[in-house]
Chemist: 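This is the structure I want to talk about, given as structure tokens.
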Amino acid sequence: MTTLLPNPYIPYPARIDDIVVETEDGNLKTFRLVLEDEGDRARWSHVPGQFAMLSLAGVGEIPIGIASSPTEEGFLLFTVFRAGVVTTALHQMDIGERVGVRGPLGNGFPVDNDLKGKNIVIIAGGFAFTTLRATLLYMLANRGDYGKITVIYGARTPGLLLYRDELKAWAERDDLDTYITIDREAPGWDGLVGFVPTVAGQVAPSPENAAALICGPPIMIKFTMPPLEKIGWTDDQVYLSLENRMKCGQGVCGHCNVGPVYVCKDGPVFTRAQLQGLPTEF
Amino acid sequence: MKVLRLDKADLERWFVNWAKTREVYGPLRQSSSDSKSISVNKSYTDWAILKDGKFPELGTGLPKSPIKKFFFPQPETLFTCSKRKGDPDAFVFKEPENRDNARKVLVGVRPCDARSVELNNLPFEKDPYFQANRAKTAIVGFTCRDRCQTCFCKEVGGSPVGTEGMDIAVTQLDDFYMAEVITEKGEELVQEGGGASEASGEEISRLKESKAQVESLFSSMSDPAQALEAMKAKDLFALYNAPFWSQLADSCINCGICTFLCPTCYCFDIQDEVVKGTIRRIRYYDSCMFPLFTLQASGHNPRGQKVQRVRNRFMHKFKYFPDRFGPFSCVGCGRCIRECPVNIDIREVLKDLLAVE
Amino acid sequence: MSTTNSTITEDIRAKAKQLLSSGEVAAFLGFTTGTLPMTMRPFVARRPEDAERLVWNSFCVMNLANYLPDLLKSVEPPRGPKDPPPEGPLPKVGVLATGCWSRNIVVQIQENQVQRDRLVILGIGSRGMVDRKKVLAQVDGREVWTSEEGEHSLVIEGPGFKKEIQRWDVVRDNCQTCIHPNPVIYDYQVGQPVSPREVKDRFRQVNEIEAMSSEERWSWFQEEISSCIRCYACRNACPLCYCPTCFVDDSRPQWVGKSIDLADTSIFHILRAYHCAGRCTDCGACESACPMGIHMRLFTKKLEKDVLELYGTEAGMDPDVPLPLTTYKEDDPQNFLITEAVGQTSEAGEGVKP
Amino acid sequence: MDKTSVQKKEWEPKIIAFLCNWCSYAGADLAGVSRFQYPPNIRVVRVPCSGRMSPNILLDALKAGADGVLVSGCHPGDCHYISGNLFARRRFAIFKSLIEFLGIEPGRLNFSWISAAEGEQFAKVVKEVTERVRALGPARRLVKEI
């Protein structure tokens, strides 16, 4: 091409290094990817909450949140739910095969500025835990930068919880409060039972010098807010991550706009206060 | 700025000379049916290669399609790659080798269309493809002498005699032409075209007079700066919740005519095509009018209703884009008004928006 | 001067006003004047006073049946996707219908897209709608600033010309060959029924193309669609196109490439036309909506001809006659089979030959 | 001239045959078992019923570069699903006529009824289709190139 501009559309080649089937139903797999080019690996730098385009040549591209923390070096993790054309094709791939990665894209959680020094409450439901895993690992690696950390995470059944080994390890740490819940009683489960909003209401994290990072299905977010508001949480303390259809990741193509903002560029992370100022096109 | 005086023969010579090293495009009447029973449906001009110094057909009115396809082609091949087994580079995207690198000259571009390139340049400022296309394409604009029925260029910040986006601006004065050479690219074209004389002081003042006269034809149009400021000052939700959107949606059939023929609509989709062992990733026009535009894999659709899609197009042009980039994302060419099968009139929408308290 | 159209307009307004004031209908679907000459805007009157904006003339080229499924949904009380339908009758919608539009409504009824008892149909005998493109071709594509419609003529004015045109000369091709100008179902008749026209050969255009060689037909087809911008106006203007996911939007598998590759565009037009087989009433909305002047109507006209010749039916003439591709006869013609050419072996006699 | 004739020698038509599971596929089987010779140009795709064949699939085959397509089902009256082939018959008649009207060569798209007992007939039809497609030459129309 006759221009010297960098090409933001070119995916970095990457190899699938490992695949972990996360859930019993097999619909969620975590792919560990290693960028093939050393230069790409050296250049790569992301913030928890950012996403990347996973690119399957001949199939297409999809935006997926980066599940690995920047503190985990040498590879990238993506936990992918099988839903559309590309994710289905990705689920059929094997270790050693080649994919493309384009990113990191979006803003991510403000882990190095607004969230520093604060008490952090992470609330997640279902398979929306991915970028929050990245955030949590980052915060644990920089534990001194944050106050109390509380994690409330729920799924429909024990078999649908992500990162089960890590959940166990976190539960044993004393610098972290974890509340893992499932929707209904299940054989062999001796943990919490109840919907995430209910558990959040019971845990009742203090809003004092705190921020909540919430990811989950819209219905969960909707019902989690009232109990939090009741104990004094305000919209500017609550961080949400949106998932609109995206194509370019550059804030140009128009697919992900919510009113004047582009989720891919200005988001995906917004405070609830910011979202109140936007049309509900998400 | 250099101003030249040309006769029609000079311009024709320019076209011939340019065609030696470039592709020269201009509006030409489309071919018509010679059948007895099948009526002529293509009695319009559209962009085509000007062969043998053919003069572009520049009546009142614009060519059917805007010039965005020269900068933002339908489709643009972003990358290609092979899927051959054993190829170490299989599934690695590369920029296509056989890119169309021909230099192009667009002749007879009206001020509204020329301005659209500048407006599209705002979102595409860092886009390597758009910029590469722009670098190889020169615009020889022709200022307007009449006002089209659906023109409202001045209301959205343009001018019938504006030169924004042009490399050379040609103005017809009765029996001869004046050419303002605006950019280096334009200067290069003049050198290649050859043999034009500098205009005299008297001719230049005639040019000014003529432009002023044309501009006066448009004096009834409202002040663009005021409209722009007014729109920026308006509350997003007041505009968003205005009652007229549902009436527009009543008529709209949600086709893509307005967006595809709009010079400043630039939404696109990216997709991979696989044909006989070769993969290419293309970027092609998409339209916010289509339900699929925002449909997520989960089945959720943030703009699942027609009224939301209709609203998005106008809000993008008149509110979201100005808030982000400054100007309206509209050049007032009126194509969407003329081509809309159900007569949705963007001028009315703008008026309605400006009336929102 | 009172013309047929102005009388019809008055009647429509009065009836619509009455239907809306009495609450018999929740909305009335008609046309209102557009902002450009020769351009009408489909319009939904929801209050009695809106009825004054309804207008009837020779430029009502969009097929109103196209709006019905959505409009009917829009007047229902809001409910969630899983909620049961409310008890009692649902609100009705009033609509204008000419011959072809009424036939499209019949097809929609047959295909369960609309319910007859929720419609109040004002039937109008159509005198044929004017093709704006034909008018423009008469003035070499110059702009038309004003148009005035008389009973049998149009007076158009533009830059440096004023011209009187015989209305019939610029009536759309489909209307010129229409033999069913009067509605097949309606609740009220507006204006007088139109006396059926004598049409010498309604498939003249199709015959002309059929007479060409395969090669010529291919170049004709490619030439027609080469200007296609894939805006899908033809599809969206069509009252038959209501699939929740159109085949062009399918991604698993993707049948049609999305940009303007000629092979893809060809497949789009072939399949779009094919989907209308036995259902198309030749209303001409697709062609009227097309900004690029593609004669896509001819593709469906061919289907209309074949269906009539092979199965003897015309779409939407009778709600009790099943649509031709949803039924069959034991002795349907099958001379298209290659087995007809190579001959049958002994035991294959059951296949009834035409 | 020489060049094309050389190419023609090398070119062998590729024909996609969509055969219904119950009759034509079994017919093809029988042709094989009975050692009826037929040209090796067909690639068989087994489908549940000729009534399953949507024109989308037929066009897709042509777009992907098939030189010819054959669809074969049970004889009318013999359909495993009672009437699948009868519905299909109307669709095929209309569709074939439409695409030939739009300039696809007659002979690219072929339909037949072949029962499970007609092994010889199957061989005959494949021969006929192959000859027709060979006479037409490689498919160009509707084939997507990039």
Side-chain angles (χ1 to χ4, degrees), chain A residues 1-14 36-37 53 55-62 81-88 97-100 102 217-218 242-263 266 276-282, chain B residues 78-79 81-83 89-96 99 101 123-124 126-132 134-136 236-237 240-241 265-274 279-281 283 286-288 292-303 308 311-312 315-316 319-321 323-324:
Chain A
M1 216 173 314
T2 52
T3 163
L4 298 171
L5 285 173
N7 192 330
Y9 296 101
I10 194 135
Y12 310 133
E36 290 180 45
D37 182 83
M53 286 286 183
S55 176
L56 268 61
V59 187
E61 277 192 329
I62 32 148
F81 178 67
R82 188 173 60 195
V85 179
V86 184
T87 51
T88 304
E97 288 193 82
R98 178 179 268 159
V99 297
R102 182 156 75 82
L242 300 187
E243 305 189 323
N244 277 28
R245 185 186 176 106
M246 298 171 192
K247 283 294 176 176
C248 69
Q250 315 292 319
V252 185
C253 77
H255 287 79
C256 69
N257 81 303
V258 175
V261 309
Y262 290 100
V263 174
D266 307 321
Q276 301 286 12
L278 297 173
T280 45
E281 291 179 353
F282 48 83
Chain B
L78 299 179
F79 310 110
C81 75
S82 90
K83 52 183 288 191
D89 279 350
F91 299 108
V92 175
F93 278 120
K94 307 240 164 93
E95 285 179 7
R99 263 180 70 83
N101 283 320
F124 282 117
K126 289 186 180 146
D127 187 276
Y129 300 92
F130 183 92
Q131 296 304 338
R134 198 164 181 208
K136 67 180 188 224
L236 175 70
F237 284 100
Y240 190 82
N241 295 321
C265 270
Y266 57 82
C267 285
F268 59 82
D269 199 352
I270 297 174
Q271 210 171 61
D272 289 8
E273 292 190 331
V274 187
I279 299 169
R280 68 165 182 172
R281 178 157 287 176
R283 166 162 100 179
D286 204 348
S287 167
C288 59
L292 209 69
F293 190 73
T294 46
L295 181 69
Q296 299 173 9
S298 65
H300 174 61
N301 195 341
R303 286 198 289 271
Q308 295 172 312
R311 172 171 52 203
N312 187 70
M315 287 292 276
H316 180 247
K319 180 68 179 165
Y320 306 156
F321 191 91
D323 280 354
R324 203 174 188 94

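Order of the sequence lines fixes the chain letters, A, B, ..., with proteins taken first and strands second; residue numbering starts at 1 for each chain. This is a predicted model, so every value here is computed, not measured.
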Chemist: Can you tell me which of A:Gly84, A:Gly251, A:Gly58, A:Pro13 forms the most heavy-atom pairs within a distance under 4.5 Å of chain B?
Modeler: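 Ranked by heavy-atom pairs under 4.5 Å with chain B, first place is A:Gly58.
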Chemist: Can you sort out the partners of A:Tyr262 under ring pair (Phe, Tyr, Trp, His ring centres under 6.0 Å), two or more places apart, ordered by chain and number?
Modeler: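 By the ring pair (Phe, Tyr, Trp, His ring centres under 6.0 Å) rule, A:Tyr262 matches no residue at all.
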Chemist: Tell me, for B:Asp127 versus chain A, whether the close heavy atoms (under 4.5 Å) come from the side chain, the backbone, both or neither.
Modeler: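 Both parts, backbone and side chain.
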Chemist: Quick check on A:Glu36 against chain B: is it the side chain, the backbone, both or neither that has a heavy atom closer than 4.5 Å?
Modeler: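 For A:Glu36, no heavy atom lies under 4.5 Å from chain B.
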Chemist: Tell me, side chain or backbone of B:Phe79 under 4.5 Å from chain A's heavy atoms, or both, or neither?
Modeler: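 Only the side chain of B:Phe79 comes within 4.5 Å of chain A.
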Chemist: Distance from A:Asn7 atom CG to B:Glu95 atom CD, nearest 0.5 Å?
Modeler: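 So the CG of A:Asn7 and the CD of B:Glu95 are separated by 4.5 Å.
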Chemist: Give, as side chain, backbone, both or neither, the part of B:Phe321 having an atom under 4.5 angstrom from any heavy atom of chain A.
Modeler: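 Neither part.
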Chemist: From A:Asp266 CG over to B:Arg324 CZ, what is the distance, rounded to the nearest 0.5 angstrom?
Modeler: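 Reported to 0.5 Å precision, the distance equals 4.0 Å.
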Chemist: Hey, is the main chain of B:Ala90 close enough, under 3.5 Å, to the side chain of A:Arg98 for a donor-acceptor pair?
Modeler: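 The answer is yes, because a donor-acceptor pair under 3.5 Å joins these two groups.
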Chemist: Distance from B:Arg311 atom CZ to A:Glu281 atom CD, nearest 0.5 Å?
Modeler: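 Here the interatomic distance stands at 6.0 Å.
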Chemist: Heavy-atom distance under 4.5 Å to chain A: side chain of B:Arg283, backbone, both or neither?
Modeler: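 The answer is the side chain of B:Arg283.
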Chemist: Report which part of A:Val252 has an atom under 4.5 Å of a heavy atom belonging to chain B: side chain, backbone, both, or neither.
Modeler: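 Its backbone and side chain both get close to chain B.
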Chemist: So which atom in A:Leu56 and which in B:Asp272 form the shortest heavy-atom distance, rounded to 0.1 Å?
Modeler: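 Looks like O-OD2, 3.3 Å.
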Chemist: Counting only heavy atoms closer than 4.5 Å, note whether B:Lys126 contacts chain A via side chain, backbone, both or neither.
Modeler: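 The backbone, not the side chain.
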Chemist: Specify which of B:Asn301, B:Asp323, B:Leu236 makes the most heavy-atom pairs with chain A at under 4.5 Å.
Modeler: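 Among B:Asn301, B:Asp323, B:Leu236, the one with the most close pairs to chain A is B:Leu236.
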Chemist: Can you classify the ring geometry of A:His255 versus B:Phe293 as parallel (below 30°), tilted (30 to 60°) or perpendicular (above 60°)?
Modeler: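 The rings of A:His255 and B:Phe293 lie parallel, inter-plane angle below 30°.
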Chemist: Quick check on B:Cys81 against chain A: is it the side chain, the backbone, both or neither that has a heavy atom closer than 4.5 Å?
Modeler: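 Contact with chain A: side chain only.
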Chemist: Under a 4.5 Å cutoff for heavy-atom pairs, which residue among A:Gly277, A:Pro260, A:Gly254, A:Ser55 has the most contacts with chain B?
Modeler: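 Result: the option with the highest number of such pairs is A:Pro260.
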Chemist: Find the distance between NE2 (B:His300) and CZ (A:Arg245) and round it off to the nearest 0.5 Å.
Modeler: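 Reported value, rounded in 0.5 Å steps: 13.0 Å.
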Chemist: Tell me, side chain or backbone of A:Tyr9 under 4.5 Å from chain B's heavy atoms, or both, or neither?
Modeler: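 Both parts, heavy atoms under 4.5 Å.
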Chemist: Top residue by heavy-atom pair count (under 4.5 Å) with chain B, among A:Cys248, A:Pro218, A:Gly259, A:Cys256?
Modeler: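 Looking at each option in turn, the highest pair count goes to A:Gly259.
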Chemist: Which residue out of A:Gly100, A:Pro279, A:Ala83 racks up the most heavy-atom pairs below 4.5 Å with chain B?
Modeler: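 Looking at each of A:Gly100, A:Pro279, A:Ala83 in turn, A:Pro279 comes out on top.
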Chemist: Which value, rounded to the nearest 0.5 Å, describes the distance between A:Lys247 atom NZ and B:Asp269 atom CG?
Modeler: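 With rounding to 0.5 Å, NZ (A:Lys247) is 4.0 Å from CG (B:Asp269).
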Chemist: Any chance CD of B:Gln271 has more than 12 other-residue heavy atoms, nucleotides or ligands included, within less than 6.0 Å?
Modeler: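 Counting other residues, nucleotides and ligands, CD of B:Gln271 exceeds 12 neighbours.
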Chemist: Would you sort out whether B:Arg303 and A:Asn244 count as a side-chain hydrogen bond (donor to acceptor under 3.5 Å, both in side chains), showing the intermediate values?
Modeler: CA-CA 11 Å; B:Arg303 286 198 289 271; A:Asn244 277 28; over 6 Å; no
Chemist: Which atoms of B:Tyr240 come close to chain A, meaning under 4.5 Å heavy atom to heavy atom: side chain ones, backbone ones, both, or neither?
Modeler: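 B:Tyr240 touches chain A through side-chain heavy atoms alone.
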Chemist: Please report the interatomic distance CD1(A:Ile10) to CZ(B:Arg281), rounded to the nearest 0.5 Å.
Modeler: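 It comes to 9.5 Å.
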